[in-house]
Amino acid sequence: MNEFVTIFSVELMRRLRSRAFVIGLLIGVVSIVIIVKLPEWLSGAFMSQKNVIVAGPPALTAPAARLLAKDFTVVGTQADSGTPPAKLLQQRKASVVALRTEGRKLSVTVYSTDPANFRDKAVAQDLAPLSVGTGISMSQSQIEKYLNVPVMVRGVGSKFENAEAANAAQGLAMTLLFLLYLATLINSQMLTTSIAEEKTNRIAELLVACVNPSNLLAAKIAVVGVLGLIQAACWAASAFLAGTLGVQAGSGA
């Protein structure tokens, strides 16, 4: 037992101080933070395509702004529905959704500095109740009452009450499985490299001559397991902190 503890402590401290372990740990932390923050960074890069200014008659801009708020951020309204200058769009970092009626039909024109990435289908879907109301002269509340179909998914014979809980559990399980696979792969490679290095340097023969081979192998495997747990804990903590900071930043904004 004393041999096992001695080999375990010496091997653990040597591995913790090794450059390969530290670099691998840092690379894992940075990669996880990038994976967690990447959706936020991408959404920030295209945030200007979510900001819209609703232009047109007040009778249209008020309900249109409320409908567009489902998928966009309405930063203002204006009465002029003509072509806005490009400088105005760049300053306000927003697109202009111009509304007008042609007879009893709603017409929508979007002015954007990046038309290729603008979600025109989302605009058409959001403004569908307004278009129907304009055509048949029905109130918005009545139209939304018939257009909005509530759909509820309930599990039968399942551990989860709804689809959100099932998706969250599946995502957590996949994340933990990926971390376990990564830790096992990296630390198994470290164990193989360590044994090959000791065999090349003739250190293994000296160790076997001094200690029990079973204790030597058991201590090395235990060190690999502890290093894997340390890596997994650091990676999970970095993912949790990155997600928590992202949520706090979003709520503060």
Side-chain angles (χ1 to χ4, degrees), residues 35-154 162-168 171 242-253:
I35 292 174
V36 173
K37 303 293 289 184
L38 186 60
E40 180 182 347
W41 293 337
L42 291 178
S43 63
F46 297 100
M47 185 59 69
S48 60
Q49 298 303 317
K50 294 189 65 176
N51 297 335
V52 295
I53 301 172
V54 184
L60 296 177
T61 56
R66 182 172 56 85
L67 293 172
L68 290 173
K70 299 176 183 178
D71 295 308
F72 298 90
T73 301
V74 180
V75 297
T77 59
Q78 62 184 30
D80 185 14
S81 59
T83 304
K87 185 177 181 180
L88 175 63
L89 299 180
Q90 294 174 354
Q91 288 177 349
R92 303 196 64 174
K93 296 182 179 180
S95 302
V96 173
V97 179
L99 308 174
R100 66 179 185 275
T101 55
E102 298 177 354
R104 300 184 66 178
K105 183 178 179 181
L106 179 66
S107 177
V108 181
T109 304
V110 178
Y111 301 95
S112 174
T113 56
D114 189 8
N117 293 319
F118 190 84
R119 301 168 57 195
D120 54 336
K121 294 182 179 179
V123 174
Q125 183 177 359
D126 291 342
L127 295 181
L130 182 60
S131 178
V132 174
T134 304
I136 63 177
S137 300
M138 184 180 292
S139 64
Q140 293 296 314
S141 59
Q142 291 177 328
I143 295 173
E144 292 181 4
K145 179 181 178 181
Y146 292 111
L147 289 180
N148 294 330
V149 181
V151 179
M152 300 180 63
V153 180
R154 296 293 183 183
N162 49 42
E164 289 77 10
N167 292 332
T244 303
L245 294 177
V247 171
Q248 290 179 352
S251 61

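What's counted below: heavy atoms across the whole structure, side chains too, no hydrogens, waters or symmetry copies.
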Report yes if some heavy atom in the side chain of V110 is under 4.5 Å from a heavy atom in the side chain of D120; otherwise report no.
no
Could you tell me which residues satisfy side-chain contact (heavy atoms from CB on, under 4.5 Å) with A122, sequence neighbours excluded, listed by chain and number?
D71, F72, R119
In terms of heavy-atom contacts, L127 and L106 come closest through O-CD2, 4.3 Å
Any idea which heavy atoms bring V74 and A65 closest together, and the distance?
CG2-O, 3.6 Å
Heavy-atom closest pair (P58 atom, P63 atom, distance to 0.1 Å) is O-CD, 4.4 Å
Atom of V54, atom of L68 and distance for their closest heavy-atom approach:
CG2-CD1, 3.8 Å
Could you pull out the closest heavy-atom pair between Q78 and T61, with the gap in Å?
O-CG2, 4.2 Å
What distance do T77 atom OG1 and L60 atom CG have between them, rounded to the nearest 0.5 Å?
12.0 Å
